[in-house]
Amino acid sequence: MKNRELAEIFGKMAGILEFKGENPFKVNAYRKASRVIGELGDDIEAIYNQNGLMNIPGIGSGIAKKIEEYLTTGRMSKYEQAAQGVPEGLMELMAIQSMGSKTLTLLYDRLGVESFDDLKRVTEDGSMEILPGLGAKKVENIKRGIKLYAASRGRIPLGIALPIVEGIIAQLKQTKQIFQISAAGSLRRMRENIGDIDILTTGGEGGEIIQKFTQLPQVTQVLAAGDTKGSVILEGKTQADLRVVSPDCFGSALQYFTGSKAHNIHLREIAKNRGLKISEYGVFRDEKRLGGEREEDIYSVLGLSWISPEMREDRGEIEAAIASTLPELVKPEEIRGDLHVHSQHSDGAATIEQIALKARELGHEYIAICDHSQSARYAGGISEDELLEEIREIEGLNQRLDGIRILSGTEVDIRADGSLDYPDELLNKLDIVVAAVHSGFKKNVTVRMIKAMENPNVDVIAHPTGRLISSREGYELDVDRIMARAAETHTALEINSYYDRLDLSDINCMKAKEMGAKLSIGTDAHHVDQLWAIRLGVAVARRGWLEKQNLLNALSLQQLLEFLQRPKPKRG
DNA sequence: GCCGTTTTCGGCCCGACTGTTTTCAGTCG
């Protein structure tokens, strides 16, 4: 797959052209191409071979030619020309707050700034302030930007950010002045990682609300505190902004601050074509305000139904809304259980009973205990006898406990030769079999996984791509073949909800759905305090446009058991 | 560079804030 490489090249191209003062719309075109290619579910080479490059929105003849050149020769002459003489690492500086293309060009031309260290130096030795258009305050802002950039070079995972934000909202709700409060931004869209935290409120005295916000115990530094906006740094270096808006603008402001940027731009283009104008203050025809109190107003004025925040990435949701073909996204309350949890028999921390009680408290109808198999020594994998014993323990608990059904399962290793780590007779005794690759990430993973799916006992493939958000790309894997075979063998693919996995990802979920594969959400929890994370899996599913019927976990206990007991070819 | 039920040329989202200015460019979300 050359998708990632191409996305990166076009992204760099955009930066370079911006730096060189090219037409900003051209810059934007490259940036858009970079984003669209990066989010493409299919291999761009396959699309090219089917003559379909120009069908990708945002790809026209110019960029299509460049893609073709890259795919056939491995090079892109236009990019090489553009990049010539531009120091490596220069573009990175534009990610620093207050550093835009104009400032960068100025510093490069006049002071020879080419790197992070150069930039640091000129902010400190006073040489920057002398330049035209730059003063002491601007230099201060850049200094602060450098600090922030160095401190938090990345984004934080959704699974970390979500509890933080919900904690803040719960604390602020105790303030009587607040009428409405909601998270916005990428967190509300439930992206897998979050840049900074945005919270929107309406209420009485703005200054007082902001003050309450800046005085929260989690706050380590206050960046700004006015009447309508407060900005702070939290423990862990994340920035959080709180805005107070007037109630009649809450909907439009929420829509606006939720984004994504690409979604909003697309929406406004459509509005403009129809003689309307959308801003954070509402939707307008000429001077007349047509709505903005509720978020739905923005969409309904355009004749669209409300679009769930998780879908707002400009990945076709606006077109679907226009055509009235938006999917009915799976709802959190439609998820009946968790299909991948570890107990203390392998590397988990809790007993099966503790897990079951917590699951019941969370409203689950069922929970699948899937401990590691025997050769997974690093994870306390259990022997065949221990697994038999675990099955008996679960039978006992099921007789004793009401309101929750414990499913006996395993997370069985797919070994180097594609065989499974337990014999079929044993797997056959379990309610559910989840199979996973845990070693040999570069060794024939596709073939091994397909072999596992062809085993009649295997119900689910765990974390199918093996990626770790913070640190690992994933197995060398032919995702298309896996999904096709999963659909054919009626083997479900997992949405692993562990915060650093979220695997399958949103885009892969979309693709799995298109290819007719079923999905299964599992928290992979090793502790009862991780069971809440099923919400993250549901979020990924919703971002992947999944509906109830795409998910095993949306089946009732009765339906699920019937499904699992049916021979795989008859599960269609 | 992309795109088209007002266009194959001439547009391309919107508004606020900041810091530097003397009417506005740059940056951001």
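Residue numbers start from 1 in every chain, and the chains themselves are labelled A, B, ... in the order their sequence lines are given, proteins ahead of strands.
A:P24 comes within 4.0 angstrom of nothing in the nucleic acid, heavy atoms only. Nucleic acid contact for A:L267: none, since no nucleic acid atom lies under 4.0 Å from a heavy atom of the residue. A:I270 comes within 4.0 angstrom of no nucleic acid atom, judged by non-hydrogen atoms across all strands. Within 4.0 Å of A:I265, counting heavy atoms only, lies at least one base atom of the nucleic acid. Using a 4.0 Å heavy-atom criterion, one finds that A:Y256 contacts the bases of the nucleic acid, with or without backbone contacts as well.
Nucleotides B:dT5 and B:dT22 have their C1' atoms positioned 47 Å apart, rounded to a whole Å. Distance check on atom P: B:dC9 versus B:dC14 gives 25 Å, rounded to whole Å. Between the C1' atoms of B:dT8 and B:dC3, the separation comes to 9 Å (whole Å). Distance noted for atom C1' between B:dT21 and B:dG26: 12 Å (whole Å). The same atom, P, is picked in B:dT20 and in B:dT27; the two are 12 Å apart, to the nearest Å. Nucleotides B:dT7 and B:dC2, compared at atom C1', are 14 Å apart to the nearest Å. For B:dT18 and B:dT23, the P atoms lie 22 Å apart once the distance is rounded to whole Å.
A:S77 and A:E69 form a side-chain donor-acceptor contact under 3.5 Å, judged by distance and modelled atom types alone. With hydrogens and angles left out, the side-chain atoms of A:E313 and A:H263 include no donor and acceptor closer than 3.5 Å. A donor-acceptor contact under 3.5 angstrom links the side chains of A:Q255 and A:N264, judged on distance only.
Taking the six-membered ring where tryptophan is involved, the planes of A:Y108 and A:F19 are perpendicular, since the angle between them exceeds 60° and thus also 30°.
A heavy-atom distance below 4.0 Å to DNA chain B is reached by these residues of residues 125-140 of chain A, ordered by number: A:G133, A:L134, A:G135, A:A136, A:K137, A:K138. In the region residues 3-23 of chain A, proximity to DNA chain B at under 4.0 angstrom, judged on heavy atoms, holds for A:N23. Near DNA chain B, defined here as any heavy-atom distance below 4.0 Å, the residues from residues 26-52 of chain A are A:K26, A:A29, A:Y30, listed numerically. For the contact set between residues 219-232 of chain A and DNA chain B, defined by any heavy atom under 4.0 Å, there are no members.
Atom CD of A:E328 sits in a sparse spot, with 12 or fewer heavy atoms from other residues, nucleotides or ligands closer than 6.0 Å. Heavy-atom contacts from other residues, nucleotides or ligands closer than 6.0 Å to CZ of A:R289 number more than 12. The neighbour count for A:E80 CD, taken as heavy atoms of other residues, nucleotides or ligands under 6.0 Å away, is above 12.
Under the side-chain hydrogen bond (donor to acceptor under 3.5 Å, both in side chains) criterion, A:R481 pairs with no residue at all, not counting sequence neighbours. Partners of A:D506 by salt bridge (charged side-chain N to carboxylate O under 4.0 Å, His left out), not counting sequence neighbours, listed by chain and number: A:R315, A:R543. Not a single side-chain hydrogen bond (donor to acceptor under 3.5 Å, both in side chains) links A:E140 to another residue, sequence neighbours left out.
Applying the salt bridge (charged side-chain N to carboxylate O under 4.0 Å, His left out) definition to pairs two or more places apart or across chains, those involving residues 240-253 of chain A are A:D198-A:R243. Under the ring-ring contact (aromatic ring centres under 6.0 Å, His included) criterion, no residue pair touches residues 32-88 of chain A, with sequence neighbours excluded. Sorted by first then second residue, the ring-ring contact (aromatic ring centres under 6.0 Å, His included) pairs that include residues 199-251 of chain A, not counting sequence neighbours, number zero.
With a cut-off of 3.5 Å on both Watson-Crick or G-U wobble distances, the partner of B:dC17 is given as B:dG26.
Syn is the conformation of B:dT7, whose glycosidic angle sits no further than 90° from 0.
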Legend entry - Verdict with supporting geometry, A:L216 and A:L234, side chain to side chain contact (heavy atoms under 4.5 Å, CB included): CA-CA 9 Å; A:L216 288 172; A:L234 302 171; over 6 Å; no

Inset, instruction - Please step through side chain to side chain contact (heavy atoms under 4.5 Å, CB included) for the pair A:I67 and A:M76, ending with a clear verdict. - result: CA-CA 8 Å; A:I67 296 172; A:M76 195 184 295; 5.7 Å; no

Inset, instruction - Show your reasoning for whether side chain to side chain contact (heavy atoms under 4.5 Å, CB included) applies to A:E547 and A:K513. - result: CA-CA 9 Å; A:E547 303 178 88; A:K513 176 182 173 182; 3.5 Å; yes

In a table with atom names and distances, give each donor-acceptor pair under 3.5 Å that connects a side chain of residues 170-177 of chain A to protein atoms at least two apart or in another chain.
residue : atom : partner : partner atom : Å
A:Q171  : OE1  : A:Q218  : NE2          : 2.7
A:T175  : OG1  : A:L172  : O            : 3.0
A:Q177  : NE2  : A:E208  : OE1          : 2.1

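Each of A:K261 and A:Q97 was matched to the nucleotide of DNA chain B holding its nearest heavy atom; the match closer to the 5' end belongs to A:K261. Across the interface with DNA chain B, nearest-nucleotide mapping of A:D196 and A:K272 shows A:K272 to be the residue nearer the 5′ end.
A 4.0 Å heavy-atom criterion places the boundary nucleotides of DNA chain B facing chain A at B:dG1 to B:dG29, written 5' to 3'.
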